[in-house]
Each structure stands twice: as C-alpha cells, then as structure tokens.
Amino acid sequence: MTADPSPDASDAPVAPGRWCVLGRGAGDRIGAVDVDASGRAGEPVEFTPAELAAFVRDREACSAPRWVWSDTVHWLPRLLDEGVRIERCHDLRLTHAILRGSEFVSDRLALAEATEWSRAPVETEPESRGAALFDLEEAADSARTVPHGLAEAREEFARQRAVLDAVSGEPGARLRLLLAAESAGALVAAEMRAAGLPWDSEEHDRILRDALGPRPARGAKPARMGELAEAIGRELGARNLSIDSQPKLLGALRRAGIDVGSTSRWELAEHEHPAIAPLLQYKKLARLLSANGWAWIDDWVREGRYRPVYVPGGVVTGRWASSGGGALQIPRLLRPVIRADPGWMLVSADVSQLEPRVLAAMSGDRAMAAAGRGRDLYDGIVESGIVETRQEAKIAVLGAMYGSTTGDSGRLVPRLRRSFPRAMRLVDEAAAAGERGGIVTTWLGRSSPAPSAEWFEVQARAQRSGATAADEARARRSARDFGRFTRNFIVQGTAAEWALAWLAETRLRLSRLPEARGARATASGSAFSSRAHLAFFLHDEVIVHTPIEQAEDAAAAVEAAAAAAGRLLFGSTDVDFPLDVRVAERAAKH
DNA sequence: ATGTCAGAGCTG
DNA sequence: CTTCCAGCTCTGACAT
C-alpha cells in the first residue's frame with residue numbers, strides 16, 4: 001500500500017465536500033467516509049441500504065461531493081429509481097482501467113497487481129428476461145465484478161491517488177480530466193438507460209409492414225420475403241432454394257453461371273443477372289427482420305421506451321460499446337421511430353468531421369484548422385486546391401486516419417501530407433510506433449494495448465535465420481496491421497475524449513435548467529420526467545429529450561457544451577467543432 | 001445437445 | 001488485388 005487514507009497525526013476535522021467514498025460495510029450495511037484534498041479520511045458512517053437514497057440526497061444538497069464508488073452500474077440505478085440524481089462521481093473500475101494502461105503513469109505495476117479491479121462490466125439481458133435475472137445477478141456478482149466493499153474501495157482509491165499524485169504537470173492535468181470525463185460518462189450511460197429512449201413502436205411496426213408485409217406467425221417468413229425468394233429461385237432455376245443458407249445459395253448462384261466467391265452485397269452487385277436485384281432486396285429485408293424486426297420490439301421496448309445497455313469504455317479506444325439490443329447499430333431507416341412524448345421535443349445534434357478536427361487540434365496543424373474553421377472541413381480542403389471534389393477530400397482524410405495505401409484513398413493521401421505536414425506526421429508516427437510493437441497514447445492519456453504474444457512471435461520468426469519469404473511477408477503484414485490500429489487509435493481515442501467532455505458538459509448544463517412546469521414525460525422515471533435529459537449518444541451525436549418550453553435552452557446547452565469541450569481539452573485552439581443541431585418531434589434519418 | 005466460429009450487414 | 005479503423009448481433013455451419 002503506497003498511501004493510507006485513514007486519519008494521520010493531525011486531528012483537524014475532515015470537511016465534507018471533496019470526496020465521499022461509498023461501499024458495503026459490515027453485514028448488510030452500507031458505509032460512507034469523507035476524504036479531503038490531502039487524502040485524509042473522516043469518521044465513517046453506516047446506514048442500511050434502505051437509507052442510502054436519503055443519505056446521498058442530503059449530501060448532494062449540502063456539499064455535492066464527488067462520490068467514489070466501485071462501479072456506477074452497481075450503485076446508480078437504485079438511486080435513480082428513487083429519484084436521486086448526483087452531480088459527479090469517480091468510478092473506480094473505469095479509472096483503474098485507464099490508469100493501469102496509461103503511459104503517463106509511471107507506477108502502473110501497483111495497479112496491475114490489484115487484479116480484482118480489472119473486471120469487465122456485467123452484461124445485461126433484454127427487459128423481458130430482466131425480472132428473473134435480478135436475483136441471479138447478486139449470486140454471480142462476486143466472481144465477475146469488482147469488489148463493492150467500503151474497505152476495498154478506500155484501498156483502491158488511495159492507490160489511484162498515490163499513482164496519480166506522481167504524475168505532474170500537463171499530463172497530470174489531462175489524466176485528471178480524463179478520469180472525470182470517463183466517470184461522468186458512466187453517469188450519463190446509467191441515466192440514459194433509466195430515462196430510456198422514447199420509441200414509437202407503432203411507427204416501427206408501420207415501417208416493418210411497409211417493407212415486409214404483415215407480421216407473420218412465429219417462425220414463418222414474411223410475405224414480401226416469400227415472394228422475393230420465389231422470384232430468386234425461378235431466376236436461378238433452383239426451386240425450393242433455401243436462401244438463408246450461405247453454401248446452398250452460393251452453389252445455386254454458381255450453377256446459374258454467376259461466378260462469385262461469396263454472397264456479399266458488393267460482390268453480387270458486380271454481376272448482371274435477373275436474380276441479383278431480388279436477391280439484394282431479399283438480403284436487405286432479412287437483415288431488417290432479424291436485427292430490428294418484431295421480435296426486437298418485443299424484447300427491447302416497454303411502455304414507449306427503448307432502454308439500451310451502454311458500456312462506457314467498452315472499446316479499447318475509449319469509445320462506448322453497447323450490449324444487448326444493438327443500441328449503436330440502429331439503422332438510419334428507423335431513426336424516425338425515435339419520437340418525443342406529447343408536449344416534448346427532441347434536440348438532435350452531431351459534430352461535423354469530429355475526428356479530423358481533433359487531429360488538427362492535437363497536432364497543432366494550423367493549415368488544417370484553417371481549412372475547417374467556420375465551414376465544412378472537406379469543402380475547405382477543396383477550396384485550398386488540394387483536391388478537386390468534396391468526395392475526394394473525404395476519402396483522402398479518412399485514408400490518412402485509417403492508413404489506406406491502395407486505391408483512390410492511397411493515391412490522395414500524399415497530397416494531404418504536403419498540405420498538412422504536422423497532422424500527417426502525428427498519425428504517421430503513431431503508425432510507425434505500432435509497426436515496431438509499441439504503444440501510443442491519446443491527448444488525455446489513454447494508451448493503446450500492446451500487441452499480443454502471437455504478434456511478437458510472428459515478428460521474431462521472420463528474424464530467425466531459417467525464415468521463409470512467407471514468414472517475412474506475414475510479419476510485415478501483421479506489423480502494418482498493428483500500425484494502422486495505433487494510427488487510428490490516437491485519433492479515434494481523442495475524439496472519444498472530446499465527445500465525453502461534450503456529453504459531461506451537456507449533462508451538467510441540462511441538470512441546471514429549472515424544472516419544467518408543463519407536460520410530464522410518460523415513462524422516463526421520476527428523475528427525468530419533468531426536465532430535459534440526454535436520451536441517446538452515438539460517438540459524435542446526441543439526442544436530448546426535452547419539454548417544449550425548454551427546447552431552446554436545451555439546444556443552447558448542447559451548443560455551449562461543445563464549445564466548452566474544445567476549451568477543456570485543447571485550451572485556446574484555432575480549431576472549432578461546429579454542430580448540426582435540429583429541434584423536432586422525431587429524430588431525422590439524416 | 002451444447003458451444004464456438006465465420007459470414008454478413010448495420011453504426012460512426 | 002483483397003479498401004481501411006472501431007464495434008454488435010444474428011444466422012447457419014461445424015466441432016465437441
């Protein structure tokens with residue numbers, strides 16, 4: 001143990017207001033202890049689980065500490081159920097993961113040894129199965145989750161503080177910002193699940209019936225798909241062909257003289273045959289049915305709300321993942337199904353070209369910043385005479401960040417290298433580090449994982465004396481693959497940090513709006529029924545559900561939060577982050 | 001019968 | 001040539 005949070009020789013009282021660590025105490029009780037700025041702890045207090053909500057509500061009202069707890073997923077839902085919201089927290093599970101991997105941290109070993117804090121988030125089931133799961137959850141809990149005890153939380157918090165105190169200067173400040181933003185993201189994720197995304201199931205059903213025909217009996221094929229299947233079989237001269245079977249379909253295509261190596265859309269599209277069009281249409285419908293069909297509505301929508309399971313920090317780059325329901329893969333076709341309650345509106349906002357702007361800011365590339373200032377970045381690149389069309393600009397920029405070397409993209413990237421040398425040097429160096437098997441770090445301090453043992457083995461084999469040409473080719477390919485990963489990591493990861501800051505700032509600003517006096521949301525839960533709240537987040541876009549009377553203020557909050565996010569990360573920068581904001585009853589397709 | 005894998009397609 | 005980064009989920013095929 002590097003630091004002990006218990007009271008030291010000084011007997012000055014610890015003022016509530018800084019941090020308050022929460023955790024399970026003896027027996028069934030819950031304990032809380034204040035910790036001040038220098039790490040000294042106050043007197044622990046204990047109470048029953050039933051008293052938790054009241055305790056937090058009172059503390060929040062008087063001193064609003066940063067709540068330190070094992071895992072937001074474990075603590076926050078029960079508070080939200082009782083209508084208690086908190087302002088800020090420190091999520092030990094998420095912060096542990098960042099600190100353990102960060103290149104900014106010198107003493108990573110101290111954290112790596114605390115293996116019980118290196119646990120993946122608990123998975124969640126659809127709502128239809130949720131009730132039965134609740135009891136199981138507690139039982140399965142201990143083996144798969146981080147510890148929820150107060151003593152363990154205090155220990156881990158002390159460990160993290162000690163490690164963090166050793167990081168001085170700019171990296172320390174950035175890392176602290178990242179930990180706060182990551183924790184705020186955990187709050188947003190739990191709150192958005194509790195509030196839910198207002199979902200118009202009737203409109204969803206209408207879209208499905210338009211595309212597929214009436215809802216079929218369980219296990220039966222929708223009418224429209226049946227018709228298409230018949231047409232396909234006819235054109236291929238294969239009756240009763242089961243299109244859903246890849247090998248059988250492939251065989252039938254070949255027998256009909258269509259020479260394809262796979263059944264993927266892009267390959268089929270290259271062939272001229274009367275069976276192709278209905279086949280592509282069939283695949284589109286099959287996808288809609290299996291991914292977001294009637295069964296999906298039954299599983300995931302209750303009382304006009306879709307409650308996605310967001311997984312903050314679920315992607316190595318720091319982006320969120322989702323688990324169950326495919327919250328981050330909802331097709332654009334279904335976006336209009338997101339619909340505000342009566343008397344409410346949706347504020348939808350997305351950032352234009354977030355990743356290249358982040359790259360311009362972190363590399364300090366003034367030419368690239370200038371290309372995007374006050375306008376579409378791709379248009380700016382065209383106006384600078386670097387490429388001919390907006391489409392070319394887009395392909396070139398994406399190619400630069402993804403590491404394309406072939407095709408149009410590979411051809412255009414060198415032009416960017418001439419015009420934006422600083423931005424390109426940053427991503428090129430990140431790629432070079434990855435090719436050597438090194439790790440790279442985002443602007444705020446999230447580091448990429450090292451390559452696997454297999455990766456190093458492949459590289460070593462190519463160096464040995466008996467190495468074949470195939471060994472060398474394989475090593476070169478896997479080196480380049482990892483280089484593309486690290487190249488993209490710093491940009492995608494820093495963009496995720498900007499988005500987290502935006503999200504956190506939006507949340508805070510919305511929570512400060514006065515309670516609306518008008519219509520109440522029908523199914524949002526008591527903590528969100530009378531005030532604008534975040535309802536959806538997807539990498540670079542948010543949707544806010546707001547009473548009509550607050551819609552303008554909510555939109556202004558989203559705008560102000562974006563400006564604040566840029567300042568928080570980059571200080572004064574000549575890069576701007578323009579938003580496309582719409583206020584409407586329904587979310588737009590795009 | 002149960003578990004794992006690859007293919008496909010949806011998102012940014 | 002085989003487009004390139006990060007994901008999730010469904011399906012049929014295949015291994016145990």
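- In this structure, Leu334(A) places its CG atom 17 Å from P of dG9(B), rounding to the nearest Å.
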message: Please evaluate residues His96(A) and Ser118(A) with respect to the criterion side chain to side chain contact (heavy atoms under 4.5 Å, CB included), reporting the C-alpha separation (whole Å), side-chain torsions for both, the decisive distance (0.1 Å), and the verdict.
response: CA-CA 7 Å; His96(A) 177 96; Ser118(A) 304; 3.3 Å; yes
- request: Scan nucleotides 6-16 of chain C nucleotide by nucleotide, 5' to 3', and note B when protein non-hydrogen atoms come under 4.0 Å of the base, S if they reach only the sugar-phosphate, - if neither.
  value: SBSSSSSS---
Interface polar pairs with nucleotides 1-4 of chain B, N/O, under 3.5 angstrom:
none

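- Between the CD atom of Gln353(A) and the P atom of dG12(B) there is a distance of 14 Å, given to the nearest Å.
- At a non-hydrogen distance threshold of 4.0 Å, Tyr402(A), Ser404(A) from residues 397-422 of chain A come into contact with DNA chain C.
- Atom P of nucleotide dT11(B) and atom CZ of Phe536(A) are separated by 11 Å, given to the nearest angstrom.
- For Trp498(A) and Phe570(A), the gap between ring centers reaches or exceeds 6.0 Å.
- Taking 4.0 Å as the cut-off between side-chain N and carboxylate O, Asp471(A) and Arg474(A) do not count as a salt-bridged pair.
- Not a single donor-acceptor pair under 3.5 Å links the side chain of Arg339(A) to the backbone N or O of Glu585(A).
- Side-chain N or O atoms of Arg417(A) include none that pairs as donor or acceptor with a backbone N or O of Val413(A) at under 3.5 Å.
- Distance check on atom P: dC4(C) versus dC5(B) gives 23 Å, rounded to whole Å.
- Rounded to an integer number of Å, the gap from Phe489(A) CZ to dC5(C) P is 15 Å.
- We find that Arg218(A) and Asp298(A) are not joined by a salt bridge, their nearest charged nitrogen and carboxylate oxygen being 4.0 Å or further apart.
- Separating the P atom of dA8(B) from that of dT2(C) is a span of 14 Å, rounded to the nearest Å.
- Contact annotation: Lys283(A) side-chain N/O to dG9(B) OP1/OP2 distance is under 4.0 Å.
- Side-chain contact annotation: Ser348(A) with Glu541(A), donor-acceptor N/O pair under 3.5 Å absent.
- Contact check for Arg215(A) versus Leu208(A): no side-chain heavy atoms found under the 4.5 Å cut-off.
- A straight line from CG of Leu280(A) to C1' of dA8(B) spans 13 Å, rounded to a whole angstrom.
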- prompt: Which is it for Arg93(A) and Asp71(A) under the salt bridge (Lys or Arg N to Asp or Glu O under 4.0 Å) test, yes or no, and what are the steps along the way?
  reply: CA-CA 6 Å; Arg93(A) 178 176 64 80; Asp71(A) 188 346; 3.1 Å; yes
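- dG7(B) sits 13 Å from dT3(C) when the P atoms are compared, rounded to a whole Å.
- Going from atom CZ of Arg476(A) over to atom P of dT2(C) covers 20 Å, rounded to whole Å.
- Centroid-to-centroid, the aromatic rings of Trp296(A) and Tyr306(A) come within less than 6.0 Å.
- Of the side-chain N and O atoms in Arg265(A), one or more sit less than 4.0 angstrom from OP1 or OP2 of dC10(B).
- For the residue pair Thr494(A)/Thr442(A), the side-chain donor-acceptor check at 3.5 Å is not satisfied.
- When rounded to the nearest whole Å, the span between CH2 of Trp266(A) and P of dC10(B) equals 16 Å.
- We find that Arg476(A) and Glu472(A) are not joined by a salt bridge, their nearest charged nitrogen and carboxylate oxygen being 4.0 Å or further apart.
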